[in-house]
Amino acid sequence: MPELPEVENVIRSLVKKVSGKIIINIEIVTPNIIYNRMEFKDLVISKTIVTLLRRGKYIIIKLSEGNLLIHLRMTGKLLYNGEVNKHTHLRFKFLDGDYLIYNDVRKFGRVSYLNNDELEVYLNTKVGLEPGLMVFDEFKDKLMKKTGAIKKNLLDQTVIAGIGNIYADEILFASGIHPLFETKNLLESDLENLYNNIREILEEATIAGGSTIRDYVNGEGAAGAYQDTHKVYGKSGKECISCGCKLEKIKVAGRTSVFCPICQRIR
DNA sequence: CACTAAACCTGGGAGC
DNA sequence: TGCTCCCAGGTTTAGT
């Protein structure tokens with residue numbers, strides 16, 4: 001489900017609500033969701049939530065000691081005082097009676113406890129450039145070290161963090177680049193277009209509350225609106241808004257990719 | 001080393 | 001109505 005704009009909206013919707021809350025109990029319905037499940041309760045109960053941060057698609061809940069690292073994968077949701085149902089796998093109860101639940105239809109998401117050193121090591125090895133903070137030269141250097149198709153490299157979280165299947169397709173369309181275009185053949189002008197579109201599209205999507213295709217809602221249960229702005233994602237067979245020809249669908253790096261064969265020609 | 005397929009799961013939609 | 005098949009905002013691991 002969630003890519004950078006969605007994860008960012010989860011955090012923005014929750015940070016004021018849960019900061020300062022003291023965790024007094026955790027109901028673990030589905031232990032598989034948690035990595036260090038044996039010690040998890042002992043490590044987390046009685047800690048206070050300091051704040052929420054995002055790195056790529058990861059949610060970091062900073063505690064008075066240590067951190068919760070959460071990845072929502074496809075259908076994970078963090079909900080503040082949300083509805084407990086058969087997809088609720090985790091429930092953090094606070095001293096004041098409020099609570100935070102982790103719901104996930106497909107159970108792909110993961111939650112773990114990491115101390116500050118472990119968190120830093122993990123993020124440094126797994127998570128690449130932050131789109132809103134990266135400068136052009138580091139973006140170019142890191143991307144041009146990769147081989148193969150540009151779409152595969154945009155989805156590589158160790159290069160740029162936070163781009164998923166929706167925004168990769170939207171970014172490539174906005175940049176006029178075919179998803180199978182070889183990264184090594186990108187021109188300087190292509191790189192500039194990509195850099196600008198990555199930042200602009202993710203920022204606009206974040207402001208719109210993210211994209212809700214099916215499941216996504218923020219921490220208060222509110223859907224996003226950016227799906228109304230999508231130009232290619234999920235629109236195979238429809239007309240290109242720019243040239244009017246039919247959008248096509250191919251598989252790249254195992255993911256469905258929609259593009260305009262005229263506006264995104266392989267040069 | 002690089003790329004692909006399978007695995008992890010459940011549910012919605014299309015087609016029959 | 002109901003069954004089967006395909007597909008899904010992601011990542012890791014096993015296999016070629």
Can you tell me if the side-chain N/O atoms of A:K57 get under 4.0 Å from OP1 or OP2 in C:dT11?
yes
Integer-rounded Å distance: B:dC3 C1' and A:L180 CG:
13 Å
What integer distance in Å separates A:E6:CD from C:dA8:P?
17 Å
Is any side-chain heavy atom of A:T229 closer than 4.5 Å to a side-chain heavy atom of A:E170?
no
Stems for DNA chain C (at least 3 consecutive Watson-Crick or G-U pairs, under 3.5 Å) come to B:2-8 with C:10-16, B:10-16 with C:2-8
If you take all heavy atoms of A:V135 and A:Y195, which pair is closest and at what distance?
CA-OH, 3.6 Å
C:dA14 and B:dC9, which share atom name P, separated by this distance in whole Å:
15 Å
Look at all strands and tell whether A:G164 reaches a base, only sugar-phosphate, or nothing, counting heavy atoms closer than 4.0 Å.
sugar-phosphate
C:dA8 OP1/OP2 closer than 4.0 Å to side-chain N/O of A:K251:
yes
Test of understanding: with side chain to side chain contact (heavy atoms under 4.5 Å, CB included), list the residues that count as partners of A:E120, not counting sequence neighbours.
A:N124
Pairing donors with acceptors under 3.5 angstrom, does anything connect the side chains of A:Y80 and A:D98?
yes
Does A:H71 place a side-chain N or O at less than 4.0 Å from the phosphate oxygens OP1/OP2 of C:dG10?
no
Going 5' to 3' through nucleotides 9-16 of chain B and flagging B where a protein heavy-atom sits under 4.0 Å of the base, S where only the sugar-phosphate is that close, and - otherwise, we get BBBB----
Rounded to the nearest Å, what distance is computed from the CG atom of residue A:D104 to the P atom of nucleotide C:dG10?
13 Å
Using distance alone, with no hydrogens and no angle criterion, decide if A:T183 and A:K146 have a side-chain donor and acceptor under 3.5 Å apart.
no
Touch class at under 4.0 angstrom, heavy-atom based, for A:Y167 against every strand present
nothing
Candidate list A:I45, A:L43, A:V44, test side-chain contact (heavy atoms from CB on, under 4.5 Å), partner A:K41, passing option:
A:I45
Check this for me: A:E130, atom CD, are more than 12 non-hydrogen atoms of other residues, nucleotides or ligands nearer than 6.0 Å?
yes
Applying a 4.0 Å non-hydrogen cut-off, can you work out what A:G210 is touching in the nucleic acid: base, sugar-phosphate, or nothing?
nothing
Just the rounded figure in Å: distance from C1' of C:dG10 to CG of A:L72.
11 Å
Identify the pairs formed between an N or O of the protein and an N or O of nucleotides 12-15 of chain C at a distance under 3.5 Å, and give each distance.
residue : atom : partner : partner atom : Å
C:dT12  : OP1  : A:K126  : NZ           : 3.2

Return the value, rounded to whole Å, for the distance between atom CD1 of A:I150 and atom P of B:dC3.
13 Å
How many whole angstroms separate atom CD of A:E3 from atom C1' of C:dG10?
9 Å
Can you see if the side chain of A:Q157 gets near the phosphate of C:dG10 - specifically, an N or O under 4.0 Å from OP1 or OP2?
no
If two hydrophobic side chains count as joined below 4.5 Å and joins carry through other members, does A:L154 share a cluster with A:V159?
yes
Span that lies between the P atom of C:dT1 and that of B:dG12, in whole angstrom
16 Å
Donor-acceptor under 3.5 Å (A:R255 side chain, A:N165 main chain)
no
Looking at every non-hydrogen atom in both residues, tell me the closest pair between A:T30 and A:K107 and how far apart they are.
CG2-CD, 4.5 Å
Please report the distance separating the P of B:dA5 from the corresponding atom of C:dC7, rounded so that it comes out in whole Å.
13 Å
Find the distance A:Y233:OH to C:dG10:P and express it as a whole number of Å.
8 Å
Non-neighbouring partners of A:Y99 that pass ring-ring contact (aromatic ring centres under 6.0 Å, His included), sequence neighbours left out:
none
Which atom pairs, one a donor and one an acceptor, fall under 3.5 Å between side chains of residues 58-66 of chain A and the rest of the protein, sequence neighbours left out?
residue : atom : partner : partner atom : Å
A:Y58   : OH   : A:Y122  : OH           : 2.8
A:K62   : NZ   : A:N67   : OD1          : 2.5
A:S64   : OG   : A:T48   : N            : 2.9

Contact between A:Q264 and A:P179 at the side-chain level, heavy atoms closer than 4.5 Å - yes or no?
yes
To the nearest angstrom, the CD1-C1' distance between A:I33 and C:dT11 comes to 14 Å
